[in-house]
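Please read the structure below before turning to the comments.
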Amino acid sequence: MIPAAFEYTKPSTVDEAVRALAEGGEDARVLAGGQSLIPMLRLRMAAPTLLVDLGGLGELRGVRDDGDALVIGAMTRYADLLRDPLVRDHAPLLAQATATVADRQVRHLGTIGGSLAEADPAGDLPSVAVALDVSFEVVGPGGWRTISAADFFVDFLTTALGDGEMLGALRVPKQDGWGTHYEKFSRVAQAWSIVGVAVAVRRENGTIAEARVGLTSMGNRPLRARAVEEALAGAPATAEAVSSAAARAAEGADPPTDVWASAEYRSHLATVLTRRAVVAAGGIHAS
Amino acid sequence: MTTVQERPAGEVGAARKRKEDARLITGRTMWTENITLPGMLHLAILRSPMAHARITRVDTSAALREPGVVTAFSGRDVADTQGSLPCAWPVTEDMVHPDHPPLAVDEVRHVGEAVAVVVARDRASAVDALAVIEVDYEPLPVVLDMEDALAEDARLVHADKGTNKAYTWVFDSGEAGTGQGVDAAFAGAEVVIKRRYIQQRLIPAFMEPRSVVVDPTGDQHTIWSATQIPHILRVMVALVTGTPEHKVRVVAPDVGGGFGGKLQVTAEELIAFMAAQRVGKPVKYTESRSDSLVSAHHGRDQIQDVELAARRDGTVLGLRVNLLANMGAYLGIVTPGVPLLGAFMYNAIYKFPAYRFVCTGVFTNTTTTDAYRGAGRPEATYAIERLMDELAVELDMDPVEVRRRNWIKHDEFPFDTVAGLTYDSGNYEAATDKALELFGYEALRAEQASRRESGDPVQLGIGVSTYTEMCGLAPSRVLGALRYAAGGWETASIRVLPTGKVEVVTGTSPHGQGHETAWSQIVADRLGVPFEDVEVLHGDTRTSHKGLDTYGSRSLAVGGIALVNACTKVIEKARPVAAHLLECDVSDLEFADGAFRVRGAPSDAAGKTIADCAFAVFAAHDMPDGVEPTIDADATYDPGNFSFPHGTHLCATEVDAETGRVTIRSYVAVDDVGRVINPSIVEGQVHGGVAQGIAQALFEEAVYDGEGNLLTGTFIDYTPPSAADLPDIVSDRTETPAPDHPLGAKGVGEAGTIASTPAVINAIVDALRPYGVSDIRMPATPERVWQALRGGARS
């Protein structure tokens, strides 16, 4: 299909981009990597009057070390993340989840900011972001502000970005000393997750000191499996403890029923995949 | 991996790289969508969003005011002239055959049916203008389920027909005299296995969307179309539109896949033809993927009620098949006949004596079904191979052994089957033994036993599928007996140019099969010319004026023989020329190693080649009286019988009992497709076919909601697998030549698809047996497997 007609602008600075968005009003949309927006335009499920292409904003692309966190520009492409040594060393969960996104072509065009701002609960990176408590640096007519991961994802395809605001960068806490794992389950390799589980675990001696569990495709937005996290905190690092904690993975979730899977099956998968993800992240052996 | 010894000498048997691939793979070729003609306009089609509705009003006038729009019209505007899309296979005398207008006039009967069109100066303007066409629909009741459709007070797809039943077609071996009556066989049975299998609806999903360009400005109206059947299309356009056939030229340029999905005379082709006539300028239509999935014909969609009778020693006594076949809303070119191609294959490689097949075609408010790779034969093979596994379980017998006890032995060919066919040749023992060895069958069974014993959460299953299929469609007499409108012959022409280069014109129409390479190999050997010196021309009715095109694994097994016959004629026409050049008597000449020599002369003696003869007739200065100045030849071939390739496929699956995920661990395909012209083409066909069969088993299904909306209307939702989702395939061959013709080749285009689906499902069910599972619906998604495990019984 062919998209409806639209105006197009490609600013070269963040200030220009913010101005263009403001001038475009509510029918302006940001074009990042285009991996969600362009299919929606082609299917005419979206018909913005203005596209503000952020592809020219070099300042929003790249990863830098900022002490206890990495700062990742919103226009950093998946493929950039996959070959970035800082991401590999300090945010391996992000790298592992990114490697499961769609296919090679998509990973060379899609951006981390695009994925997060799209806020599709079936996307892989939003659940990673909530698991890691990523901070969202956003910019708009009122300048820059920071939104926490807990507040950023509001509803299905809906974020806390205000009018004329766009995502500028992500502040990803370093996971040094944590074990992490992303467990993805999809129908075919290129498909969306039926369920995905992002886990970070910090062990102390023989126990799990702290665990963070993010769930993909288990509700209208990426979720934290709080019941699992509470059950794991201070629990012995054993397969039994993990198993009984993981059984609570779907508590409070509201998974969809769609052409790929029923809500019931998703809830079941969440428990299995959470167990597997925690076991892998925590280096836990069967006893 | 192929371990068959390649024959050393000559082109035939050599794994030549395909000469067409450079242009096909790079896309630097003439796909229909790449065609741009002077003054060409673009067409967009408005499709029905309703599965069943009366059209009470269509207003295209606003579209005419949109920028760039040249014309717009609806079905009402062309109701009297547009004709009806053809069905060439009225399978019974009383078949219900509804009108099938290219553009809906008063009623739409499935989502995606064409309702109105816009022609504009560019494609975007045409698509934009669709939005302002006003259509009022008055919803009518929708019927989607076949059993609902056959109920007493069913809602009707075609109210004027008074029924949703298209036909009932029966074959009974007792009545046909090809075997015994089936009731007696069941009365005497010690074991009866009764099952219902569902062949889910599939979408052919060729890579190149359908595309058509019509140029009405020349003396001939030229239609370029991404079709498998340019010759049939030409005849049908002439018949449907009344345009004299000699004023119609059809070209199938390079075509990117079909799988039966482009074996159709489409609404879009006729709409483009009408539009071009209205505006008097060339018009192009290329469908989007979304349009393609909802409007190009679908495949399969059958309910199979099957019953197998046997003795406790494993001997099968008889088979009853009761089939419901979903036609969709209308009848396509061979829609009613597709399930009947399966009718002859349910007995498969076995020699049981009694068989009854009843098929009822049913109309529903869904996209029309028609041929899809295998067309009837995958469905039949699936049912019988599932039943043979169930019989093995019932008798506590190895599934290979149950098959062995029933199959036709290699020394029993030719074999007259209970379904009335004569199998030409085969060696099921050899193919199966080879497959078992490559697979490591015994070791895998041992591993399976130990995993079952230890309660491993990942269970191992082994699936067996032995198959045969009827290829080489088709003997014209048989087609006539089955009430098909056309014959099954094929043609070939050879033109030897003055410089000795050769043009081959074939009536087959490749769309990815590699005919240019295989045909060149055959001609190179037969005429003694270099492979590179042969050019194969196809798919343009101006150069290839006759032919019956490509489908049903027919091109080599029928078209290839026409080509051999043409080569023989060339040699015979060159013989008196060579005799003249060598100053000898015709009867003293023999043709070998590419040259005519006097009989008994050493093989390095100077002779006269086909090229020599071609130049001599070009000059024609001193031809003897009565010798024509050409050695070109045309030939045809109408097969006396089908050919019957066969093989054994083995699949090992690992099933994760916690998630239901099925992973194919190993896959072995041993196929016997007769003599092989090009082993790498054969291997490619097997791999692609196996992939499509695995897709049916594990991944693909066209799903409608209760209102008849296609829920799987994008590739994201339809989930066709990619290479990442498919296993390594070990493919090998045995070679039992076709005995009825000089090539010995049998056909390979559909084998992989036919064999692989039951192999995979048998493997999954085998893995799940310890949990009390004896069947699984296709596609065997992780959720379905999980549900089956929870249900613990048939799901």
Side-chain angles (χ1 to χ4, degrees), chain A residues 1-6 35-36 39-45 47 99-106 120 122-123 183-197 239 243 246-247 255 257-277 279 286, chain B residues 42 44 47 67 120 122-131 209 286-292 457 656-662 694-695 698-705 709-726 779-787 789-790:
Chain A
M1 276 287 277
I2 297 170
F6 52 82
Q35 298 308 290
S36 296
M40 288 204 290
L41 296 177
R42 287 165 58 89
L43 292 167
R44 298 204 172 190
M45 292 164 68
T100 71
V101 172
D103 54 41
R104 208 170 274 270
Q105 289 91 327
V106 168
D120 189 327
E183 187 78 20
K184 176 170 177 168
F185 197 91
S186 60
R187 284 279 281 117
V188 292
Q190 294 164 304
W192 298 98
S193 289
I194 289 176
V195 175
V197 182
S243 196
T257 290
D258 56 29
V259 73
W260 299 299
S262 69
E264 182 192 23
Y265 179 59
R266 282 193 161 95
S267 293
H268 166 74
L269 274 184
T271 65
V272 175
L273 302 182
T274 297
R275 191 194 77 226
R276 291 179 182 181
V279 163
Chain B
H42 296 262
R47 296 181 180 280
D122 61 275
R123 192 171 168 208
S125 297
V127 171
D128 283 346
L130 293 181
T286 299
E287 68 185 357
S288 68
R289 181 62 63 188
S290 309
D291 281 343
S292 186
D656 180 339
E658 284 191 307
T659 63
R661 162 85 75 206
V662 173
I694 290 174
L698 294 181
F699 299 111
E700 297 181 8
E701 179 171 21
V703 181
Y704 286 95
D705 70 10
N709 297 300
L710 183 66
L711 295 177
T712 51
T714 70
F715 273 168
I716 286 285
D717 302 304
Y718 185 64
T719 56
S722 67
D725 304 298
L726 294 165
T781 62
E783 178 161 7
R784 281 197 175 135
V785 172
W786 176 68
Q787 295 285 12
L789 284 163
R790 290 209 307 172

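Source: prediction; values computed, not measured.
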Margin query: Tell me which of these, A:S186, A:P39, A:A5, has more heavy-atom pairs under 4.5 Å with chain B than the rest.
Written below: A:S186
Note to self: For a 4.5 angstrom cut-off between non-hydrogen side-chain atoms, does B:E701 reach B:T781?
What the structure shows: no
Checklist line | Portion of B:T286 that has a non-hydrogen atom of chain A nearer than 4.5 angstrom | finding: neither
Checklist line | Pairs of heavy atoms under 4.5 Å with chain B: top-ranked of A:V188, A:I2, A:D258 | finding: A:V188
Notebook entry, point to check: Which of parallel (below 30°), tilted (30 to 60°) and perpendicular (above 60°) describes A:Y265 and A:F185?
Noted result: perpendicular
Next item on the list: Tell me, for B:T659 versus chain A, whether the close heavy atoms (under 4.5 Å) come from the side chain, the backbone, both or neither.
Entry: both
Check: When only pairs under 4.5 Å are counted, which of B:S722, B:G660, B:A44, B:A131 shares the most heavy-atom pairs with chain A?
Finding: B:S722
Check: Do B:E700 and B:P779 have side chains that get closer than 4.5 Å, going by heavy atoms?
Finding: no
Notebook entry, point to check: Tell me, side chain or backbone of A:L43 under 4.5 Å from chain B's heavy atoms, or both, or neither?
Noted result: side chain
Notebook entry, point to check: Using 4.0 Å as the upper bound for N to carboxylate O, is an ion pair formed by B:R790 and A:E264?
Noted result: yes
Check: Is it the case that more than 12 heavy atoms not belonging to B:R661 sit under 6.0 Å from its CZ atom?
Finding: yes
Notebook entry, point to check: With respect to chain A, which residue among B:L711, B:D291, B:I716 yields the maximal number of heavy-atom pairs within a distance under 4.5 Å?
Noted result: B:I716
Next item on the list: Pick one of side chain, backbone, both or neither for A:T271, based on which atoms fall under 4.5 Å of a heavy atom in chain B.
Entry: neither
Check: Any donor-acceptor pair under 3.5 Å linking the side chain of B:T719 with the backbone of B:F699?
Finding: yes
Check: Quick one: what part of B:R289 sits under 4.5 Å from any heavy atom of chain A, side chain, backbone, both or neither?
Finding: neither
Item checked: Residues A:R187, B:D717: salt bridge by 4.0 Å N-O rule -> no
Item checked: Side chain / backbone / both / neither for A:R266 at chain B, heavy atoms under 4.5 Å -> neither
